Structures are given as structure tokens and as C-alpha cells.
Amino acid sequence: MKIVIVGGVAGGATAAARLRRLDEQAEIIVFERSGYISYANCGLPYYIGDIITDPEELTLQTPESFFSRFRVTMKVRHEVIALHPKEHTVTVKNLESGEEFEESYDKLILSPGAKPTQPRIPGTASDKVFTLRTVEDTFRIKEYIQKNHPRSAVLSGGGFIGLELAENLRRLGMEVTIVQRPKQLMNPFDSDMAAFIHGEMRKHGVKLALGHTVEGFEEKGDGVEVLLKDEAPLFADMVVLAIGVTPDTVLAKDAGLELGIKGSIIVNDRMETSASDVYAVGDAVQVKHYVTGQDVLISLAGPANKQGRIAADNICGRDSRYRGAMGSSVIQVFDMTAAVTGINETNAKKAGLIVDKVILSPMSHAGYYPGGKVMTMKVVFEKETGRLLGAQIVGYEGVDKRIDVLAAAIHAGMKAADLKELDLAYAPPYSSAKDPVNMAGFMAENIAQGILKQFHPEEVKELPRDGSAVLLDVRTEGEYSRGHIEDFINIPVDELRERINEIEKGKPVYVMCQSGLRSYIAVRILTGCGYDAYNLSGGFRFYDAVNNDRCLIESATACGMDR
């Protein structure tokens, strides 16, 4: 059997290695148009920022090492320029010699990946405007920085690459501005959780121009002007386009393969395309979202590797199925870590799901052990069934391991309340006896059982302020004096039982504290005394961070808080 693979990197290289492990006799040829068959896309910004100093560290395998280990023929600088599914052949061009030739196959795997989205605006051809997707892109940016010593950069786009590159350019001492059409960075996160990411970026000197549209670029002197819609242009020494990626599927389209979202290749759960004996994997394919079952594009290395393995399994006669992707991901944002899995609240509602959420601010490990830091968790679940839908965490230590636990729980079909049952490892330097994941489960169970009734930060401005409800802040007097929400009266939780007669019965009571814990205790006291009480999810800390961020984005002056 002869298998031809178009494209290396994650999906193609993984498929090639798996094919060899399953079939020692197969002839396997990989055509890769770049000079690198397997490289670490996610490490590219860190090479620019001198965190990774040896360029060879970016290349996971060379054609020679891959052949030595797997006897797979790797043809770099060879571009497949046409597919002929009926004839079971591809047309290949040697990019160094210009020679073109036909290559036959029994099975074909397409792993062309995705290309940086190029907006149709003037000025993108400037040699001061870059994209970052391949090793070659990285070397071009690195060479430009070393040669020209730019002092400023504008990054168009606030996704994973944009944030990682911003951090690394700041480490080089450059002034960095991120321009993003949506009014938040990192769209996999809800806007309230993104507020913490915004704060960390601003803290480290990255300027954010959110809600602005780039309309073009013009070279001016030694730099470039970034033209904004209805705004004055920004000037920088260099620009990097990081507004996302588009499936690179020209070959599939020209060959008549069935296409889906943004021209992506439609595959079934065996990674088979609409053409016989042709498979496709990686960033170029449309897949099902594991949580919603909807068609999505998820450009991540983990799914691409799994898909490459599944395609190889099926080519070798096994029955292997891809069950969908959840988009689990994690990113370092200067000193902070941000992670997400499943779907966020915004997309869950767009998918027609009726959802609820818990927001908590636990410590990364036992409070009595030195060095613990607060993390902020948001866990989203289906209101009627309690089914886990997604989670987002921002913080410092321990964020990555909690998001992985939650990703596994979602994959297993667990309910939010089931998180309380997980038997998770505990020692004071690493966690608490009641792990943050367990705490989320306790909160979800309390909601399901009616023990806890919540109101959320976005509902604060709609609370009745005509005397028909009681707005209660149960923090200490000192905390209250340093900042509180307008119209909330202050009775510290430890004084509540003695002062409960100050709260008029027959009115709903909306209670808040710093994180949601003391206010939950207050809610239970009030409920036990016959009041109808509600707890502010996330507490004042969360509300304050989100509200301040929105005020900065909107350039507002009055934010509804006393300072």
C-alpha cells in the first residue's frame, strides 16, 4: 500500500508515524512545501522573544531523523499543486528546481493546515507588515528586529498568537499595542473573564485598542501607519497581522471535495472526505464540537494529532472514530495563566442552551501554606440537567491542572454537581482538602437543591433601588469604605445575627461580599430567619474587575461605584 500525505507538522507527521507503526511494509511519502516537516507552532513567539534561543529547538523532526526512525520519505520544499481523486494521483512541484511530476497513491491524507487570515485592505504587502504562522515567518520577524531595532509594534488581533507575541515583544523592550475589532481579547473566554487578561496586559505596559477596526496600512518614514475606522491612525515601526487563520483548502476545492465552514474540508468521524480513499486532518477540516454537536473549526495541535492517528488507523483497517473537539487550551499571559475548555456562556446561549454558572475565587493551594495565589474560576452548566458545558480559569499556580480535570469531566459527561465527588490529590503546597474543582461542585449542588440562589454581576444595575428590596454588603467596614456598589448598605457578616432586625422582612435581600463566600454564609443566615436572599456570584472582587475593564474600554467616567 502506498500512502501520500500532503503537509507535515502536527496532523501529517503524526499520521505518518502511526502508519509506520501499524504497517511496516507500506510506502509512505510526505510532501511539505515549507522547509520543515514538523515544528512547534506554539513556540514561535518565544523564539522571537529570546525565550527559546536555538532555532533548531523549533524543529521537532528533520527529514533525515524521520526517515532514520520510521523509513518515511519526507519531501520538503515540495508543493502539491493539484489533486486527481479519480486517477488516484497528485501533481507535485519541486520548489527548488521548478520540476513538476505526478505521484500516485492508494490512500491520500490531506494535512494542509491553515494560513493567516489576510484582510482585503491596502498596505498588507509592506515589508513592515508581517504574519506569524510558520518557521519562515518567525525567522523573517526575528531578522527584521535584529536588523532594524524597532521600538514599537502594532498587533492586529488578540488571540493566542497575538497575546504570546505581545508578551515576547515587550520582553525585548518594545512598545506594543493590540488592535482588536471585538471589545475583548481571547474570544474563547467570556468578556467578564477576559477582563482579568486585559488587566494583566495593561499591567505590563501593553496598550489595548479594543472595538477598533483596521482599514489599512501606509508606510510613513521609517515606520507604518495603521489606519483605523473613524479614529486617528496609530504609528509603529512594524505591524503583525494575527487576526486568525483560514483553512488552506484550495487544493480540495479545485478537486471538487465537499467543503464546509470558511471553505474547510468536510470529513466524517473516520476523517474520510467526500472523495474515495482521501482523508483530511488538522486545521483544514470541519469537525463537531464535543459539547454542542455543532460544526466548528478548532485550530489546535491536540485535535490535529488525534485526527492524524485516527486517519492512519482507518487506512490500516482499524475502526477509529473522532468524537469531536472541546477547544481545551491554556496560555501564559506574562505572570498569569488563562485556560478554557468546552464552551463559554456566550456561545452556549448562542447554541440555544439554557445555562447557569458558578464563579469562585479559590486559592491555588492551602491558605495556611505560604505562597498561595487566588485564581478565578467560571464553570458553565446546563440549567435543567446540570450537564457540564465549559469552564474558564485565570490565575497563577494550578490553573492548568484544574482546567484539565474539568476537561476530563466534560468529556465523561459529568454533571456540575458531580465535581464534588472527584477524589483529587491534596497536599498543602499543591491544593486544599477541598480542591477548587470540588468547590465548584459544592456550589452547583447547592444551586440544584435550592440551597443557593444567585444573582450575577450583569444584573446588578437592574436591581430595584426604590426600597422594594434590600441591597446588603456583608464585608468589613474597612473593605466597604475602600469601594462598594452604590445603594448597598453595610452590615458585616459577623454582626448580621445581632443586627438582623435592621433588615425589613418581606423584601428580597441581595447580598454581596468580596468573593462570594461570606455572602453565601449571610444568605444562609437570612434564609434560616425567613428572608428571601440571593448571593452575588463572584463577589465584589469579580464585579469590580469586570466593571472597571468595561469602563476603560468604553472610556466611561461614571461606573456606578463610590470610591
Side-chain angles (χ1 to χ4, degrees), residues 9 33-36 39-53 55 57-59 77 95 112-181 185-186 201 205-209 212-228 233-248 283 299 331:
V9 196
R33 64 186 166 200
S34 76
Y36 304 88
Y39 56 87
N41 291 77
C42 300
L44 301 183
Y46 299 98
Y47 175 69
I48 293 171
D50 288 335
I51 301 299
I52 299 171
T53 56
E57 294 292 333
L58 297 173
T59 54
R77 303 291 297 156
L95 297 179
K115 56 189 176 183
T117 301
Q118 287 275 17
R120 295 182 179 179
I121 55 177
T124 55
S126 167
D127 61 5
K128 297 180 178 65
V129 178
F130 301 87
T131 58
L132 179 57
R133 179 67 179 175
T134 66
V135 174
E136 288 89 346
D137 293 337
T138 307
F139 291 160
R140 279 192 290 270
I141 294 173
K142 185 82 167 180
E143 182 181 359
Y144 183 85
I145 291 173
Q146 291 175 335
K147 182 178 178 181
N148 297 281
H149 307 289
R151 292 176 295 178
S152 61
V154 168
L155 310 183
S156 179
F160 287 94
I161 292 295
L163 266 64
E164 290 169 347
L165 186 57
E167 177 178 344
N168 281 280
L169 294 180
R170 285 294 295 151
R171 292 186 189 280
L172 297 178
M174 295 174 62
E175 293 183 4
V176 178
T177 302
I178 297 179
V179 182
Q180 169 96 327
R181 182 182 298 174
L185 303 175
M186 297 296 292
M201 298 297 282
V206 177
K207 299 174 184 177
L208 304 181
H212 297 283
T213 301
V214 176
E215 292 196 321
F217 309 99
E218 288 184 4
E219 290 197 25
K220 288 289 179 72
D222 293 332
V224 57
E225 280 193 338
V226 181
L227 308 178
L228 303 179
L234 299 172
F235 182 83
D237 296 323
M238 63 181 293
V239 171
V240 181
L241 295 175
I243 58 178
V245 295
T246 302
D248 192 355
D283 294 353
S299 300
I331 183 172

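Just so you know, these numbers come straight off a predicted model, no measurement behind them.
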Exercise. Quick one: do V9 and D283 satisfy side chain to side chain contact (heavy atoms under 4.5 Å, CB included)? Show the steps, please.
Key: CA-CA 11 Å; V9 196; D283 294 353; over 6 Å; no
Exercise. Report yes if some heavy atom in the side chain of T177 is under 4.5 Å from a heavy atom in the side chain of V226; otherwise report no.
Key: no
Exercise. May I have the step-by-step check of side chain to side chain contact (heavy atoms under 4.5 Å, CB included) for N148 and D237, ending in yes or no?
Key: CA-CA 9 Å; N148 297 281; D237 296 323; over 6 Å; no
Exercise. Can you measure from CG (L155) to NZ (K207) and round to the nearest 0.5 angstrom?
Key: 13.0 Å
Practice problem: Output the distance between atom CG (D222) and atom CZ (F235), rounded to the nearest 0.5 Å. | Solution: 7.0 Å
Quiz item: Could K142 and Y47 be counted as a cation-pi pair, given that NZ or CZ must be under 6.0 Å from the ring centre and within 45° of the axis?
Solution: yes
Quiz item: Which atom pair, heavy atoms only, marks the closest approach of M238 to P150?
Solution: SD-CG, 3.7 Å
Practice problem: Assess whether side chain to side chain contact (heavy atoms under 4.5 Å, CB included) is satisfied between Y46 and N168, documenting all intermediate values. | Solution: CA-CA 6 Å; Y46 299 98; N168 281 280; 3.5 Å; yes
Practice problem: List the steps, then state whether salt bridge (Lys or Arg N to Asp or Glu O under 4.0 Å) holds for R171 with E167. | Solution: CA-CA 6 Å; R171 292 186 189 280; E167 177 178 344; 2.5 Å; yes
Quiz item: So, for G162 and I178, which heavy atoms are closest and what is the spacing to 0.1 Å?
Solution: O-CD1, 4.3 Å
Practice problem: Indicate the atoms forming the closest heavy-atom contact of L169 with A153, along with that distance. | Solution: CD1-CB, 3.9 Å
Self-check item: Heavy atoms from other residues, nucleotides or ligands near CD of E215 exceed 12 (cutoff 6.0 Å)
Solution: yes
Quiz item: From Q180 CD over to M186 CE, what is the distance, rounded to the nearest 0.5 angstrom?
Solution: 10.0 Å
Quiz item: Are the side chains of S34 and V135 in touch, meaning some heavy atoms are under 4.5 Å apart?
Solution: no
Quiz prompt | Side chain proximity check, T213 to L228, heavy atoms < 4.5 angstrom | solution = no
Practice problem: Nearest 0.5 Å please: distance from the CZ atom of F139 over to the CD1 atom of I48. | Solution: 10.0 Å
Quiz item: Within a strict 4.5 Å, meaning less than it, do heavy atoms of the E219 and D127 side chains meet?
Solution: yes
Self-check item: Euclidean distance, I331 CD1 relative to E164 CD, rounded to 0.5 Å
Solution: 4.5 Å
Quiz item: Would a 4.5 Å heavy-atom cut-off, applied to side chains only, mark L165 and L44 as touching?
Solution: no
Exercise. Any chance you could lay out the side chain to side chain contact (heavy atoms under 4.5 Å, CB included) test for L227 and E225, step after step, and finish with the verdict?
Key: CA-CA 6 Å; L227 308 178; E225 280 193 338; 4.3 Å; yes
Quiz prompt | Student check: side-chain heavy atoms of L241 and F217 closer than 4.5 Å | solution = yes
Quiz prompt | Rounded distance (nearest 0.5 Å) linking atom CD1 of I243 with atom CZ of R181 | solution = 8.0 Å
Quiz item: Is there a donor-acceptor pair closer than 3.5 Å between any side-chain N or O of R133 and the backbone N or O of A114?
Solution: yes
Quiz item: Any idea which heavy atoms bring A236 and S152 closest together, and the distance?
Solution: CA-OG, 3.3 Å
Self-check item: Where V245 and S299 come nearest, the two heavy atoms and their spacing
Solution: CG2-OG, 3.6 Å
Self-check item: Shortest non-hydrogen separation from V179 to L234 and the atoms involved
Solution: CG2-CD1, 3.6 Å
